[in-house]
Amino acid sequence: MIGWLSRWWGGGTPAVEPASLRDAGRLAQLHGASFHRGWGESEFETMLTERNTLVHRLRLGRRIIGFAVSRMAADEAEILSIALDSTERGRGLSRDLLLTHLGHLAGRGIRTIFLEVEENNQPARRLYEWAGFGVIGRRERYYKQPGGEHLNALLMRRDLS
């Protein structure tokens with residue numbers, strides 16, 4: 001029902017596509033709203049110009065509502081960040097974003113994907129486990145929170161081939 005209403009009100013159909021330099025400001029805004037230490041516009045501009053970095057945006061109509069960023073080296077890649085506008089979460093859009101992003105990585109010869117995720121971030125862990133990632137390690141007290149608390153990171157991996 002939500003998808004139908006969104007299209008009826010002009011929201012459009014979700015589209016995953018390569019991000020461009022002019023998206024940097026919106027990507028920084030989404031990242032800052034999703035993570036304690038958000039990346040700035042200049043950091044996104046740098047990533048968008050690097051040959052070894054792949055950035056996809058998730059667009060709904062004219063609105064950019066999410067993104068995925070990975071850095072590639074040889075036949076491996078690391079997902080650096082995935083973010084989705086808080087008003088669009090819980091509708092399966094991050095699954096489409098992640099699967100499309102992984103498909104593009106595979107098309108570039110990437111065979112193994114790594115990522116790290118905060119241990120208590122259940123929505124992200126469910127997404128990654130659903131997509132076939134498995135836990136391969138743990139970094140104790142890796143993420144520092146605004147109040148000084150430290151949270152653990154899980155290292156995850158998925159083979160594409």
Side-chain angles (χ1 to χ4, degrees), residues 2-3 13-20 23-24 26-40 43-60 64-145 149-161:
I2 291 173
T13 302
V16 178
E17 53 203 11
S20 69
D23 300 327
R26 176 62 178 146
L27 301 181
Q29 184 182 44
L30 286 165
H31 195 272
S34 299
F35 299 99
H36 164 60
R37 197 212 93 35
W39 297 339
E43 290 171 284
F44 276 99
E45 288 171 348
T46 298
M47 287 185 279
L48 286 161
T49 60
E50 293 174 333
R51 291 174 43 96
N52 68 332
T53 305
L54 184 63
V55 185
H56 282 104
R57 67 184 185 189
L58 175 60
R59 188 175 48 77
L60 190 60
I64 297 172
I65 62 166
F67 68 86
V69 180
S70 291
R71 182 156 291 137
M72 302 169 286
D75 65 348
E76 296 180 349
E78 178 184 8
I79 294 176
L80 302 178
S81 188
I82 293 180
L84 192 65
D85 188 304
S86 62
T87 63
E88 304 294 342
R89 293 179 187 156
R91 296 175 37 203
L93 295 170
S94 58
R95 289 179 175 194
D96 295 338
L97 174 61
L98 178 58
L99 290 182
T100 301
H101 189 71
L102 293 175
H104 281 271
L105 288 168
R108 290 177 178 227
I110 300 299
R111 299 168 58 96
T112 306
I113 311 285
F114 297 92
L115 62 85
E116 63 189 33
V117 62
E118 190 263 301
E119 187 173 42
N120 296 334
N121 187 342
Q122 293 302 321
R125 287 184 59 187
R126 278 192 299 274
L127 171 67
Y128 297 135
E129 289 166 2
W130 170 86
F133 285 84
V135 174
I136 59 167
R138 180 182 174 140
R139 291 184 176 145
E140 297 290 329
R141 301 173 43 84
Y142 185 74
Y143 293 110
K144 185 177 180 182
Q145 299 300 294
E149 179 185 10
H150 286 80
L151 301 174
N152 301 328
L154 296 179
L155 304 175
M156 301 184 83
R157 170 188 172 150
R158 176 184 168 179
D159 292 330
L160 294 179
S161 54

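All heavy atoms count here, side chains included; hydrogens, waters and symmetry mates do not.
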I'd like to know if the side chain of Glu118 reaches the main chain of Asn120, judged simply by a donor and an acceptor atom lying under 3.5 Å from each other, with no hydrogens or angles considered. yes
Is Arg111 salt-bridged to Glu76, going by a charged N under 4.0 Å from an acidic O? no
Note: Glu119 and Arg125 closest approach over all heavy atoms is O-NH1, 3.0 Å
Start with the C-alpha gap between Asp96 and Arg91, add the side-chain angles, then the distance that decides, and say whether salt bridge (Lys or Arg N to Asp or Glu O under 4.0 Å) holds. CA-CA 10 Å; Asp96 295 338; Arg91 296 175 37 203; over 6 Å; no
Between Asp75 and Arg108, does any side-chain N to carboxylate O distance fall below 4.0 Å? no
Which pair of heavy atoms, one from Arg26 and one from Asp85, lies closest together, and at what distance? NH2-OD2, 3.0 Å
Decide yes or no for Val69 and Thr53: does some side-chain heavy atom of the first lie under 4.5 Å from some side-chain heavy atom of the second? yes
When rounded to the nearest 0.5 angstrom, what is the spacing between OG in Ser70 and CG in Leu98? 8.5 Å
Which heavy atom of Pro14 sits nearest to which heavy atom of Leu60, and what is that distance? N-CD1, 3.6 Å
How about Met72 and Glu78: do any of their side-chain heavy atoms sit closer than 4.5 Å? no
Taking the side chain as C-beta and beyond, is there a heavy-atom pair between Phe67 and Ile82 under 4.5 Å? no
Ignoring hydrogens, what is the shortest heavy-atom contact between Ala74 and Ile110? Give both atom names and the distance. O-CD1, 3.7 Å
State the CD-CG distance between Glu17 and Asp23, to the nearest 0.5 angstrom. 8.0 Å
Test of ring centre spacing under 6.0 Å for Phe114 and Phe133: no
Is there a side-chain contact between Thr112 and Arg158 (heavy atoms, below 4.5 Å)? no
How far does CD1 of Ile136 sit from CD of Glu116, to the nearest 0.5 angstrom? 11.0 Å
Closest non-hydrogen atom pair, Ala28 against Gly40: CB-C, 3.7 Å
Parallel, tilted or perpendicular: ring planes of His31 versus Trp39, cut at 30 and 60 degrees: parallel
Which atom names give the shortest non-hydrogen contact between Glu43 and Gly38, and what distance separates them? OE1-O, 4.3 Å
Output the distance between atom NE2 (His101) and atom CD1 (Ile113), rounded to the nearest 0.5 Å. 7.0 Å
Can you confirm whether the side chains of Arg59 and Thr13 place a donor and an acceptor under 3.5 Å from each other? no
Rounded to the nearest 0.5 Å, the CG atom of Leu97 sits from the CZ atom of Arg57 at a distance of 12.5 Å
Donor-acceptor pair, Arg138 side chain versus Leu155 backbone, under 3.5 Å? no
Separation of Leu58 CG from Thr100 OG1 (nearest 0.5 Å): 9.0 Å
